[in-house]
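Since we're looking at a predicted model, the values are computed, not measured. Computed over heavy atoms, backbone and side chain alike; hydrogens, waters and symmetry mates excluded. Numbering starts at 1 and runs along the sequence shown.
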Amino acid sequence: VMNAYTTRYAQPDRPNRQNQGQGFRWGTGEAEITGVRLCGLDGTEKSDFAPHEAMHIGIDYTLHRPIHQPHFDVLIFREDGLQITDSQPIPAGPENELSSGEGTMIYRFASLPLLPGAYRLTVAIHDGRLEHAYDCHEMVHRFQIRGDSQAVSGLVSITTSGEWLP
């Protein structure tokens, strides 16, 4: 249902939208995401994470023309398409200078407070106002949260503590 809706109604806002098998890729092409690596704290590439483990995402890119401070964004979705995180774009390069060429942006999640299950990432390069998408990998990159969680329902597993005062 979500793919049918997105394909029919959101397509005009997503230039050059192409099915990538398990998600979509779209954007103007002025910048290109050339690689995405999901890694643990030690830098080892992996696709399985434990609840509350850190995740570092290496985003390799090429800017095909000079761009004022491109912004990189990563969003987490549950496998069924439910969006878990909000957009938190991170700028690359000095604010008032043009960037060009190739590079790597490291996007860091300090903790993944997610319940065990399958998830997908959307990875994008935008302008500073998030109005102009240069390249977007929409729900293309998959990862798993494995292991036990005390939470049995809900969306996230938030670490808590308590103190009983009789």
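With hydrogens and angles ignored, the 3.5 Å screen pairs no side-chain donor or acceptor of Thr122 with any backbone N or O of Val74. Between the side chain of Gln83 and the backbone N or O of Thr85 there is at least one donor-acceptor pair closer than 3.5 Å. Proximity of a side-chain donor or acceptor of Ser100 to a complementary backbone N or O of Pro66 within less than 3.5 Å is not detected. Of the possible donor and acceptor atoms, one in the side chain of Asp135 sits under 3.5 Å from a partner among the backbone N and O of Ile33. No donor-acceptor pair under 3.5 Å is formed between the side chain of His132 and the backbone N or O of Leu130.
In the hydrophobic clustering of this structure, Phe143 does not group with Leu41; members are Ile, Leu, Val, Met, Phe, Trp, Tyr whose side-chain heavy atoms approach within less than 4.5 Å, directly or through other members. By the rule that hydrophobic residues join a cluster once side-chain heavy atoms approach within less than 4.5 Å of another member, Val156 and Phe109 end up as members of one cluster.
Residues Thr104 and Arg37 are in side-chain contact: their nearest non-hydrogen atoms beyond the backbone lie under 4.5 Å apart. Residues His52 and Pro113 form a side-chain contact, since some pair of their non-hydrogen atoms from C-beta on lies under 4.5 Å apart. In this structure the side chain of Ile57 reaches within 4.5 angstrom of the side chain of Met55, judged on heavy atoms. Inter-residue side-chain proximity for His71 and Ile90 is flagged as unmet; no heavy-atom pair is nearer than 4.5 Å.
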Evaluation steps, side chain to side chain donor-acceptor pair (under 3.5 Å), between Glu32 and Thr34: CA-CA 6 Å; Glu32 180 182 359; Thr34 57; over 6 Å; no
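Partner Tyr119 forms a side chain to side chain contact (heavy atoms under 4.5 Å, CB included) with one of Ile76, Leu112, Leu82 and no other, that one being Ile76.
Of the charged side-chain nitrogens involved, none lies within less than 4.0 Å of a carboxylate oxygen, so that Lys46 and Asp48 do not count as a salt-bridged pair.
With rounding to the nearest 0.5 Å, the separation of CD in Glu53 from OG in Ser111 is 9.5 Å. A distance of 12.0 Å separates CD of Gln69 from CD1 of Ile67, quoted to the nearest 0.5 Å. With rounding to the nearest 0.5 Å, the separation of CZ in Phe72 from NE2 in His126 is 10.5 Å. Annotation: the span from Arg120 atom CZ to Leu75 atom CG amounts to 14.5 Å, rounded to 0.5 Å. Distance NE2/His56 to CG/Leu38: 11.5 Å, rounded to 0.5 Å. Here Glu138 contributes atom CD and Phe77 contributes atom CZ; the two are 7.0 Å apart, rounded to the nearest 0.5 Å.
A pairwise comparison of heavy atoms in Ala110 and Ala54 identifies O-CB, 3.4 Å as the closest pair. Contact record, Phe24 with Val140: O-CG2, 3.5 Å, taken as the closest heavy-atom pair. For the residue pair Gln144 and Ala118, the shortest heavy atom distance occurs at NE2-CB, 3.4 Å. In plain terms, the two heavy atoms of Gln88 and Asp73 that are nearest each other are N-OD1, 3.2 Å. Between Ala31 and Leu63, the shortest heavy-atom contact is CB-CD2, 3.4 Å. Smallest separation of non-hydrogen atoms from Cys39 and Gly43: SG-O, 3.6 Å.
Under the 6.0 Å cut-off for aromatic ring centres, Tyr134 and Tyr61 do not qualify, their centroids lying 6.0 Å or more apart.
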